[in-house]
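Comments concern the structure below.
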Amino acid sequence: MKEIESIKESGGYLNRYTHESTSCQCEMTFSVYLPPKSRDEKVPALYWLSGLTCNDDNARTKGGFQRFAAQHGIAIVFPDTSPRGDDVADEPERYDLGQAAGFYVNATQSPWAPHYQMFDYVTSELPALIEANLPLIPGVKSITGHSMGGHGALVCALKNPHMFRSVSAFAPIANPVNCGWGEGCFGAYLGDDRSTWEAYDATCLVQSGARVGDILIDQGDADEFLHEGQLLPDNFQAACDAAGQAVNIRLQPGYDHSYHFIASFIEDHFDYHAKFLHS
């Protein structure tokens, strides 16, 4: 774990690191914001999973997260969205498959399987690494994300209900087995057996009995991908209603899919997660 950048912000430090990943079998880059409180004591962490085309840098520079993290005494962990490198499989002509589009799954198909183990990376390898090397309270963490990362946050929490104190999402791909993005990537990463896809679909997980304490989702009603049928929040709402899973999906008038939307409501998400992380 090598520090390659450190920037003072809101009284704390936004650091960037590289390390050799055993899960993804390549060098991975990630960022962590350490609030001022972390100088004196260990702090809880909020994991932010970014969306398609992003890396660890997008959210930390566009979202305005650090001010609220400093106020609440919460570290923010920004993983990358996929493995990267010359030896890592890719589809350069596509933005929705390959590098920057890992979908937070453990791929089983060639040529993706050797490197695309992002579910294990986010839920196991990265937390163990940073909790051993940074002033974070072991095991006290929550998770959130946007779009593909919102999908990842919901799936990581639903598959590990005791791992994360709380979960939220911005415009998540909520039912990927029934949308173009999900069908294209899941078929490539996981193969033709659609039943295996359901293990990485939040709607299917709730339908099959997965539960968490509560879920907060914000969705802009002017989101172009909502109207293209890629996000399907209504499917997730219906599954939660049928199963008795608590969820609050807030449809925000006039907002699109961009970081302008995220920056407008991220304070609410920090307030939400802080209640669980400091309880």
Side-chain angles (χ1 to χ4, degrees), residues 21-24 44-51 77 79-83 101-109 112-113 116-131 138-179 181-183 185-187 189-191 193-217 231-233 235-240 242-247 249 273 276-277:
S21 169
T22 56
S23 300
C24 298
L46 178 63
Y47 283 67
W48 171 269
L49 305 187
S50 291
V77 181
D80 204 344
T81 54
S82 78
F103 262 82
Y104 305 100
V105 304
N106 286 338
T108 59
Q109 304 300 301
W112 312 102
Y116 285 75
Q117 302 294 312
M118 287 300 294
F119 180 81
D120 282 352
Y121 179 73
V122 167
T123 60
S124 181
E125 182 181 2
L126 185 59
L129 177 72
I130 61 175
E131 289 177 6
V140 181
K141 54 187 178 290
S142 293
I143 193 165
T144 185
H146 171 231
S147 193
M148 178 185 73
H151 141 77
L154 293 174
V155 168
C156 287
L158 286 164
K159 289 171 71 71
N160 297 280
H162 303 295
M163 180 178 292
F164 299 100
R165 294 278 184 98
S166 51
V167 58
S168 71
F170 290 83
I173 304 172
N175 190 196
V177 303
N178 288 315
C179 77
W181 282 343
E183 290 173 344
C185 286
F186 282 13
Y189 294 146
L190 303 172
D193 182 357
R194 294 177 67 96
S195 67
T196 65
W197 303 2
E198 296 177 0
Y200 296 103
D201 182 299
T203 298
C204 295
L205 286 168
V206 169
Q207 290 172 336
S208 65
R211 299 288 181 272
V212 293
D214 194 13
I215 301 170
L216 171 64
I217 293 175
L231 306 179
L232 304 175
N235 293 7
F236 187 66
Q237 178 77 70
C240 290
Q245 166 63 58
V247 62
I249 300 180
H273 290 293
F276 297 95
L277 289 170

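Under the side-chain hydrogen bond (donor to acceptor under 3.5 Å, both in side chains) criterion, N178 pairs with N175, not counting sequence neighbours. In this view, W112 satisfies the side-chain hydrogen bond (donor to acceptor under 3.5 Å, both in side chains) rule with no residue, not counting sequence neighbours. Residues satisfying the side chain to side chain contact (heavy atoms under 4.5 Å, CB included) test with P127, not counting sequence neighbours, are Y47, E131, K141. In this view, T196 satisfies the side-chain hydrogen bond (donor to acceptor under 3.5 Å, both in side chains) rule with no residue, not counting sequence neighbours. Residues meeting the side-chain hydrogen bond (donor to acceptor under 3.5 Å, both in side chains) test with E198, sequence neighbours left out: none. Evaluation of the side chain to side chain contact (heavy atoms under 4.5 Å, CB included) rule for A243 yields V206, R211 as partners, not counting sequence neighbours. Every residue meeting the side chain to side chain contact (heavy atoms under 4.5 Å, CB included) condition with S168, not counting sequence neighbours, appears here in chain and number order: T144, L216, H269, Y272, H273. By the side chain to side chain contact (heavy atoms under 4.5 Å, CB included) test, A171 is found to be paired with H146, Q219, D223, L231, H257, F261, residues two or more places apart in sequence or in another chain being considered. With sequence neighbours excluded, no residue satisfies salt bridge (charged side-chain N to carboxylate O under 4.0 Å, His left out) with D201. For the salt bridge (charged side-chain N to carboxylate O under 4.0 Å, His left out) test, residues two or more places apart in sequence or in another chain that qualify with R194 are E183. Under the rule for a ring-ring contact (aromatic ring centres under 6.0 Å, His included), the partners of Y121 that lie at least two apart in sequence or sit in another chain are H19.
Scanning both residues, L277 and R165, for their nearest heavy atoms gives O-NH1, 3.9 Å. For the pair E125 and S23, the tightest heavy-atom approach, listed with the atom from each and the gap, is OE1-OG, 2.7 Å. Of all heavy-atom pairs spanning C156 and I143, the tightest one is CB-CD1, 3.8 Å. Shortest non-hydrogen contact noted between G191 and W197 is O-NE1, 2.9 Å. Looking at every heavy atom in both residues, I217 comes nearest to P172 through CG2-CD, 3.7 Å. I173 approaches C179 most closely through the heavy-atom pair CG2-SG, 3.8 Å.
Between the side chain of S82 and the main chain of G102, no donor-acceptor pair closer than 3.5 Å is present. With hydrogens and angles ignored, the 3.5 Å screen pairs no side-chain donor or acceptor of Q245 with any backbone N or O of A239. In this structure a side-chain-to-backbone donor-acceptor pair under 3.5 Å is missing from N235 to A174.
Rounding to the nearest 0.5 Å gives a distance of 7.0 Å between CE of M163 and OG of S124. In this structure, CG on N106 lies 7.5 Å from OG1 on T123, to the nearest 0.5 angstrom. Atom CG in L49 sits 11.5 Å away from atom OG in S147 (nearest 0.5 Å). Between the OG atom in S166 and the CG atom in D214 there is a gap of 9.0 Å [rounded to 0.5 Å]. Rounding to the nearest 0.5 angstrom, the gap separating the CZ atom in F164 from the CZ atom in F276 is 14.5 Å. Rounded to the nearest 0.5 Å, atoms CD1 (I215) and CZ (F236) are 3.5 Å apart.
Within the 4.5 Å cutoff, the side chain of Y104 has heavy atoms near those of the M148 side chain. Taking 4.5 Å as the limit, some side-chain heavy atom of C204 sits within range of a side-chain heavy atom of V177. Between L232 and T203 there is no side-chain heavy-atom pair separated by less than 4.5 Å.
Sorted by first and then second residue, the salt bridge (charged side-chain N to carboxylate O under 4.0 Å, His left out) pairs with a member in residues 148-161 form an empty list; sequence neighbours excluded.
Using cut-offs of 30° and 60° on the angle between ring planes, the pair F119 and Y200 is perpendicular.
In summary, the aromatic rings of Y116 and Y189 are positioned with their centroids under 6.0 Å apart.
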